[in-house]
Amino acid sequence: MTILVTGGAGYIGSHTVLYLKEQGEDVIVLDNLQKGHKKAVLGVPLYEGDLRDEKLLDNIFSKHTIDAVIHFAANSLVGESVEKPLEYYDNNVLGSYQLVKSMVKNNVKKIVFSSTAATYGEPTSIPIQESDPTLPTNPYGETKLAIEKMLRWSNDAYGLKSVCLRYFNAAGADPQGRIGEDHTPESHLIPIVLQAALGQREHVSIFGDDYQTEDGSCIRDYIHVLDLAQAHYLALKKLEETNESGVYNLGNEKGFSVKEVIETCRTVTQKEIKAVIGPRRAGDPAVLIASSEKAKNELGWNPQYPDLETIVTHAWNWHVNHPSGYQSKQYN
Ligand code: UDP
């Protein structure tokens, strides 16, 4: 199979590219490198450009025989999306619209889409099932849900088959340490705690300890980035075999509080890591835990690294060896 991966220089995208290569697939990456890293794209062609560039997309589709697209390219920060909703509609919705339009025009009929648990908003029950209500509480979730709906209608109208994967909290890094997580500025919990362990931050702020949870801090379901990569591959296989569209949650079905994550990081790193209670972050639901039964049953998904300590260990290996991320000397 020849697969076009949009956003393949980003965190989840680059790990998926590596995984696909290891399964023997041909991969082409399209990334505008706004957030992605050239150095994260290992051994596959990289088109540097934007999804909203119609000519570039048509050029890629006519130059290569693409069997399927995996679509990661997007802005993905909840807080930022509340401050800059139009940027999210522009990049996420317009970018995806352009991609789908070019796919239809060039007769490419399979897409795996990077969606999110943020499509659910405040959950009505835990664990969250795919059939639960989708009422996003921020523009990030709204744009992802709008794209899911565009794909659903495009299925009916154009026969474009899609699998939408709703990730919970992606974490960890390549177990072999070749690539990892590098955002500037960093906003995700585990890399922030590990930066504190490295002495790059004075402390970690716990965003609220007055939630209705056992220790008062928010609970999330952390899933290894390579297990996400595996799910994308399985989703493509399913599209090939059954030609049926679908929506799947991807999480470990187990919740950890912010305080528990920090404690796990202390255990793994053997560092003290100072934590300070801060105010709540706007738009944070108290508890998000997936039911992933559907992905396990229908895709045959079988997470390899479900244990939080393993996830943090892989992330820590990357951070210790690349304290400046892709700016570290190993990449120069
Ligand atoms: N969080 C925190 N301090 C930080 C960053 C995150 O307490 O410096 C909390 C955040 O409120 C959420 C959890 O950690 O409950 C995971 O946040 P992250 O940004 O990693 O992922 P999200 O859940 O937003 O996708």
Side-chain angles (χ1 to χ4, degrees), residues 10-12 35 72 74-84 88 92 114-123 126-128 136-145 165-173 180-198 200-225 228 249-266 273-290 308 311-312 314-316 318-319:
Y11 170 47
I12 306 173
K35 291 273 165 64
F72 292 100
N75 291 359
S76 62
L77 300 178
V78 168
E80 185 185 64
S81 78
V82 176
E83 283 160 30
K84 301 172 182 169
Y88 276 66
N92 297 3
S114 163
S115 191
T116 168
T119 51
Y120 294 108
E122 195 67 52
I126 295 289
I128 300 172
T137 50
N138 55 65
Y140 169 58
E142 285 286 8
T143 59
K144 290 283 180 173
L145 188 60
L165 299 175
R166 293 179 179 160
Y167 319 148
F168 283 63
N169 286 61
E181 186 169 13
D182 177 1
H183 299 113
T184 308
E186 189 51 74
S187 71
H188 295 103
L189 179 65
I190 291 176
I192 282 178
V193 180
L194 297 179
Q195 286 176 351
L198 280 173
Q200 296 175 342
R201 290 173 189 263
E202 201 261 325
H203 68 268
V204 185
S205 291
I206 297 171
F207 294 156
D209 75 341
D210 56 351
Y211 286 94
Q212 294 290 314
T213 60
E214 206 157 295
D215 66 20
S217 63
C218 285
I219 292 177
R220 293 288 180 274
D221 182 340
Y222 294 88
I223 177 76
H224 198 290
V225 65
L228 292 182
N249 286 341
L250 299 177
N252 272 315
E253 310 187 290
K254 203 165 180 278
F256 291 92
S257 71
V258 173
K259 289 180 184 175
E260 285 172 330
V261 169
I262 296 171
E263 208 41 59
T264 304
C265 291
R266 289 184 180 126
I273 310 177
K274 187 173 165 196
V276 172
I277 307 296
R280 287 183 177 198
R281 186 172 69 177
D284 263 343
V287 182
L288 290 175
I289 301 172
L308 183 64
I311 294 173
V312 171
H314 292 165
W316 179 234
W318 158 261
H319 283 278

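Numbering of ligands and ligand atoms starts at 1, following listing order. Keep in mind that this is a model prediction, so the values were computed, not measured. We use all heavy atoms of the structure for the numbers below, so side chains are in, but hydrogens, waters and symmetry mates are not.
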Practice task
Considering only non-hydrogen protein atoms, determine which one is nearest to atom 20 (O) of ligand 1 and report residue, atom name and distance to 0.1 Å.
Solution key: Leu189 N, 2.8 Å
Completion exercise
Taken in chain and number order and not counting sequence neighbours, the residues that satisfy side-chain hydrogen bond (donor to acceptor under 3.5 Å, both in side chains) with Asn252 are none
Practice task
Using a 4.5 Å cut-off on heavy atoms from C-beta on, say whether the side chain of Pro123 contacts that of Leu288.
Solution key: yes
Practice task
Evaluate the side-chain proximity of His188 to Tyr11: yes if any heavy-atom separation is below 4.5 Å, no if none is.
Solution key: no
Practice task
Looking only at distances, please establish whether an N/O atom of ligand 1 is found under 3.5 Å from an N/O atom of Val78.
Solution key: no
Practice task
For Asn138 and Val82, work out which heavy atoms get closest and say how close.
Solution key: CB-CG2, 4.0 Å
Exercise for the section: List every atom of ligand 1 that sits less than 4.0 Å from any heavy atom of Ser187, numbering the atoms from 1 in the order shown and giving each element. Expected result: 5 (C), 19 (O)
Handout entry: Atoms in ligand 1 flagged as close to Cys218, the criterion being non-hydrogen separation under 4.0 Å
Key = 15 (O)
Exercise for the section: For Ser205, take its heavy atoms, then give the atoms of ligand 1 lying under 4.0 Å from any of them. Expected result: 2 (C), 3 (N), 4 (C), 7 (O), 8 (O)
Practice task
Within a distance under 4.0 Å of any heavy atom of Ile206, pick out the atoms of ligand 1 and give their elements.
Solution key: 7 (O)
Practice task
Name the orientation class of the two ring planes belonging to Tyr167 and Phe72 (parallel below 30°, tilted from 30 to 60°, perpendicular beyond 60°).
Solution key: tilted
Exercise for the section: Could you tell me whether some N/O pair between Asn169 and ligand 1 is separated by less than 3.5 angstrom? Expected result: yes
Problem - Heavy-atom side-chain proximity of Glu80 to Tyr88 below 4.5 angstrom - result: yes
Exercise for the section: Consider ligand 1: state whether an atom of it lies below 4.0 angstrom from any non-hydrogen atom of Tyr222. Expected result: yes
Handout entry: For Tyr140 against Asn92, the heavy-atom pair lying closest together
Key = CD1-ND2, 4.3 Å
Practice task
To the nearest 0.5 angstrom, please state how far the CZ atom of Arg220 sits from the CD1 atom of Ile289.
Solution key: 10.0 Å
Practice task
Could you tell me the residue and atom name of the protein heavy atom closest to atom 11 (O) of ligand 1, and the distance to it rounded to 0.1 Å?
Solution key: Asp284 OD2, 2.5 Å
Practice task
Could you check which of His203, Arg281, Arg201 puts a non-hydrogen atom nearest to atom 19 (O) of ligand 1?
Solution key: Arg281
Problem - Side chain, backbone, both or neither: Arg220 near ligand 1, heavy atoms under 4.0 Å - result: side chain
Exercise for the section: Considering only non-hydrogen protein atoms, determine which one is nearest to atom 1 (N) of ligand 1 and report residue, atom name and distance to 0.1 Å. Expected result: Phe207 CD1, 3.5 Å
Completion exercise
In this structure, atom 9 (C) of ligand 1 is nearest to the protein heavy atom Val258 CG2, 3.7 Å
Practice task
Find the distance between CZ (Arg280) and CD1 (Ile206) and round it off to the nearest 0.5 Å.
Solution key: 14.0 Å
